[in-house]
Amino acid sequence: MRHLIQRFALLLLLYPVVLPAFGAELELLPPEEGFQAPQGVIRVQVPADWPVERLQRLAMELDGTDITRMLRREGDVVVYRPVTPLAFGEHELRVVEYLPEGDLEEVAAWTIEVRASRAFRERSTRLSGTLVVARKLAQHESRSWSPMVTAEGSLKLGASVADAEWRATANGGLIYRNPAGDSARALDLTDFLLRLERGALGVSVGHFSPLQGSLISGAAKYRGVGMDFGEIDQRRLRLGLFATRADSISGFEQGLGIGDSRNRMAGGRFTFFPLADSPQRLVLQGIFFTGESPTGGDAVFGGEHSQTGRGWSLKAGSKLLDGKLTLSGEFARTRWDADGSAALARPESDSAWVVGASFKDATGGKQPLEWALELRHGEVGPAFKSLMAPENQSDQRATSVGLAFRRGPWQWGASWLHVRNNVDDAPDLPTSQLDQYAFGVNRRFDKKLPVLTSVGLNLARSRGKPVSIPAGYVDPVADDRTDALSLDFGLAFWKGTGRLKLGVSRYDDFNNLEPDTRSRSIGADWSRSFGKLKVSPDVSWGLTEDRNSSNETETFNLRLPLTLSGLKDGRVTVSLTPVLNRSRSDADPSEKETRSLDAWVNWIWMKKAQARPGVDFTLTGSYQVDEDKIADSDTEDWSVLGAVRVNF
Amino acid sequence: MSNERTMKRRSWIAVLALLAGGLGGVAQADVTAASGSSVPGSVPLNRGVTLSLRWNLSLSYITQPNSNPVTVGSASLVVGVPTGNGCAPLETRNVSLTTQVNVPNNTPYNTSVTLSETVSLSTALVVSARQQGANALCVERQFVDTVSLVPATALVRLPLQSGGIGSTSFSLNYIRVRFDDGALSRIVDRGTGIRARARVRYQGRGLLRATWEVADPTSTLGEPRYRPLQSLHRRLGGGGETVLDSPSLPTSMPGLYLVRLRVTEPAIGEHNLVLRYYVQQQEAEPAPEPLTLLAPQPGTRIAGQESFRWERVPGAVAYRLEFRPANRGFEPADGSPPPDDAPPSASLLLPGDRAQAELTRLVAERLGEGPGYWRVAAYDANGGLMARSPWRRFLR
């Protein structure tokens, strides 16, 4: 009761006089500017005849945020002044009443449209750019020639305009560098997206994810044209059509680069929520696409023959038992023609399926033990190929079980994955299986220990072995085991934060084709700001020992970045970064060590303002020594650059 | 294309010529033995592959040859299906491979040479072989020298692998490098935290050695010079996919950066795995200061009357107590807290002089039953986010 009185003390204060009349309603007053601006106040007039008992039971909510305690009185009007600017668009404001029997009753509800101006609900432009001209002042570069004068720049654009039921947005950027170097274009277009929405219809041009993750597709971004239609808010049914390039590309050659790649993909998708208003949630999803990949798609090595294919997938998921039980399943089928003409190889069709279930619950009182069990089982046919994995190693059956516990700051987890191939039992091929076991435990320390903030232990084992080898099969089949242990510490000391990671692993090959190895590694990093000075060192060391030959491979990396910023009224920044990289291998008798030191000073001559660009100067020094101790040869490079930069 | 064809024709003619020249010689010597090896040593049964082939030849010369140096070579390469004692051709490629050997005066002279080449087998070829019932492919060359016409045949057998888990050879099939938001190139403000991510699909088992390297504006204004950020030694087994996350990429200095994953083992040949990002002079919005939550402790069951408490933030004019249910989607995994930018599904706005609050019925009704997360954000008088706590788990 005390809390209730506190909660509505404000309204109680506002209306100390109880009047007997009824029937009047709350009224949302129009904004003083004529439209609701992002930080404009919201005013609601409360009828003077409402009884105080009822006022005590009222609460106000804006977009799911209870704002009752932020309300103020201005005369007979309740005023809310937004703490943070409200986003452009529609917002839901409602007043509810706590009924004595415990229910909530909506007393009033309004939709507020926050606008940028009278003309447009939303209108914003964010444009920032940089243009740099640099000249090499001195150099000693023994390895390669580099130009004396270079120019580079960037332009980043974000714009949106909207009103009524339509909205248009544009995002993108350009990177310029001249000379461009061997492997890059002088002018590079970053990912971009132009999107137009009108009601439930949306059209996209640029980079977007046309397909959601499934057995036949990943959620990668592709460049192309797409159209979608559906009830975005209700999420009952959503349809999408797209025509894109089937690989992610950067830059452009013609226009927006939509036609630059020859890998094409087109298709559609639907997502249906038939039980959107029911506690038993259910989602149905279907995907279809057809594609052509003359250059081999996303693979590292493109093939010389065209590949064409199509695929479809049906997916369903549901939550039952108050969301504790999740069931899901998917069936997918693909058809691929490896050379596009069936001249050499016939087209092949195959399918894949997966089912899964998970159950989670909690037992106990104040600090309950949460637990979750997850099961998955699926099979992929020998000729099944997908966009997600164009090189998919097919013909596998996989089962996985995961178990997780959590209690307060403790977490435990264990999992087992079992994979077997050649499940179609091709008699002339061997059958192998792989078992992967993992166990992990993690403990957080919330301000209880002075240095340690968390500690984690992870154990993993991977065991691969043959199940059956057909008679006469002469090639070796994997028979090996990998064990790994890692310890991960979260650290907080001297007002800085960091991590320490220790790891050991062993590998044994029972075929004696690969050397057995033992590995150890340590990595640590830490970061802290001492006023204007920021220090963030990181160091790592690793050693791998070949047990067959006793050869060792050792790596050591050390970086110590120091940045002093905010000097001279924030106009000067100084940075120094020493780096040491060492690599040693008995098997490869070329012990290499690289030492480098980068230093730069940046002076802002004219700060960027709304009406004028900013100008700054940078002096950069770079020094690097590559030392090959076996060949007894050192390579020394250094250079000094001066650059002027215009920021707009 | 026509140049390439002309070159092939010329090399074929050259090899024919050297063979014809050998007709006039005396059988003083032989390519006494030839063998081959391939990396990878097997072929996945449903896709093309690029092979690094090494041919080892043993040469023996009893007397000084008439022409010195001696040209040793092969005129064509056969890709086919293994038979009992050979390789039944599916495809013959007229690609010559030759080298020269200097024979010294002090004969007899025995030596060996190694020839290397890269050969791509198309998906169509592999699929075609499998559709014909083959369980392996083969690559074959016949080697001769200018002083003998007795060829030595070298054959590499490449078993078709059904799935990667049984394969003993190790090769990378696919590497996809992107920034953590999926982009190939980005423009960011100074101080923005970004990472790169490589998705690597592989066949067989073996040691993956790679290094994340970055070239910063101190060198990209001249000739890009990459420096190691992190070395990776990862033992991979069973075939499949692994994800390699880069450490945080530097964004302190304005200018152009190049970042790449340099794979040193296994060899993957030429590749273009370079991402570009440009850091603008403009400072990124600083991350909010950490805000410390006091109670309830993580994993506490919330009945409704608990007091949510946190440490006061000097200068804060308002706090937002935010709630978000766990596992809203259909993915069963529920272990990780929501990302920092995940919007709350219900929240409670409080004046800055309060550092504790109870769950109101309005918020509780919107939140519903089940596990969830809560956190607190502090705002200044201008609406700026001053401090924010991490998400903390609770149960209902």
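Order of the sequence lines fixes the chain letters, A, B, ..., with proteins taken first and strands second; residue numbering starts at 1 for each chain.
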Nearest-0.5 Å distance that lies between atom [atom1] in [X] and atom [atom2] in [Y]:
{"X": "Arg354(B)", "Y": "Arg69(A)", "atom1": "CZ", "atom2": "CZ", "answer": "5.0 Å"}
{"X": "Leu104(A)", "Y": "Arg361(B)", "atom1": "CG", "atom2": "CZ", "answer": "5.5 Å"}
{"X": "Leu348(B)", "Y": "Ile67(A)", "atom1": "CG", "atom2": "CD1", "answer": "11.0 Å"}
{"X": "Arg645(A)", "Y": "Gln280(B)", "atom1": "CZ", "atom2": "CD", "answer": "10.0 Å"}
{"X": "Glu514(A)", "Y": "Leu207(B)", "atom1": "CD", "atom2": "CG", "answer": "8.5 Å"}
{"X": "Leu321(B)", "Y": "Asp66(A)", "atom1": "CG", "atom2": "CG", "answer": "10.0 Å"}

Tell me, side chain or backbone of [X] under 4.5 Å from chain A's heavy atoms, or both, or neither?
{"X": "Ile187(B)", "result": "both"}
{"X": "Glu306(B)", "result": "side chain"}
{"X": "Arg366(B)", "result": "side chain"}
{"X": "Glu365(B)", "result": "side chain"}
{"X": "Arg199(B)", "result": "neither"}
{"X": "Pro254(B)", "result": "both"}

Under 3.5 Å, is there a donor-acceptor pair between the [X] and [Y] side chains?
{"X": "Gln367(A)", "Y": "Thr300(B)", "value": "yes"}
{"X": "Ser185(B)", "Y": "Asp191(A)", "value": "no"}
{"X": "Gln230(B)", "Y": "Asn557(A)", "value": "no"}
{"X": "Ser505(A)", "Y": "Arg235(B)", "value": "no"}

Below 4.5 Å, heavy-atom pairs only: which of [options] has the largest tally toward chain A?
{"options": "Pro247(B), Gly133(B), Ala346(B), Pro351(B)", "value": "Pro351(B)"}
{"options": "Ala381(B), Ala357(B), Ser347(B)", "value": "Ser347(B)"}
{"options": "Ala129(B), Gly255(B), Ser231(B), Pro228(B)", "value": "Pro228(B)"}

As an exercise: rank [options] by heavy-atom pairs under 4.5 Å with chain B and give me the winner.
{"options": "Asp598(A), Leu434(A), Val96(A), Asn647(A)", "result": "Asp598(A)"}
{"options": "Gly129(A), Gly153(A), Pro466(A)", "result": "Gly153(A)"}
{"options": "Pro368(A), Ala362(A), Gly173(A)", "result": "Pro368(A)"}
{"options": "Ala484(A), Gly408(A), Gly464(A), Ser519(A)", "result": "Gly408(A)"}
{"options": "Thr563(A), Thr482(A), Thr65(A)", "result": "Thr65(A)"}

Do [X] and [Y] have side chains that approach each other closer than 4.5 Å (heavy atoms only, starting at C-beta)?
{"X": "Met253(B)", "Y": "Thr620(A)", "answer": "yes"}
{"X": "Asp480(A)", "Y": "Arg205(B)", "answer": "yes"}
{"X": "Tyr278(B)", "Y": "Glu152(A)", "answer": "yes"}
{"X": "Ser154(A)", "Y": "Tyr277(B)", "answer": "no"}
{"X": "Thr553(A)", "Y": "Arg209(B)", "answer": "yes"}
{"X": "Arg559(A)", "Y": "Leu229(B)", "answer": "yes"}
{"X": "Glu348(A)", "Y": "Val127(B)", "answer": "yes"}

Worksheet item: Below 4.0 angstrom, N of the basic side chain to O of the carboxylate: do Arg301(B) and Glu370(A) qualify?
Response: no
Worksheet, complete the sentence: From the list Thr84(A), Val83(A), Leu62(A), Thr68(A), side-chain contact (heavy atoms from CB on, under 4.5 Å) with Leu349(B) holds only for Val83(A)
Worksheet item: By salt bridge (charged side-chain N to carboxylate O under 4.0 Å, His left out), which residues pair with Arg190(B), not counting sequence neighbours?
Response: Glu283(B)
Worksheet item: Any sub-3.5 Å donor-acceptor pair from Tyr98(A)'s side-chain atoms to Leu362(B)'s backbone N or O?
Response: yes
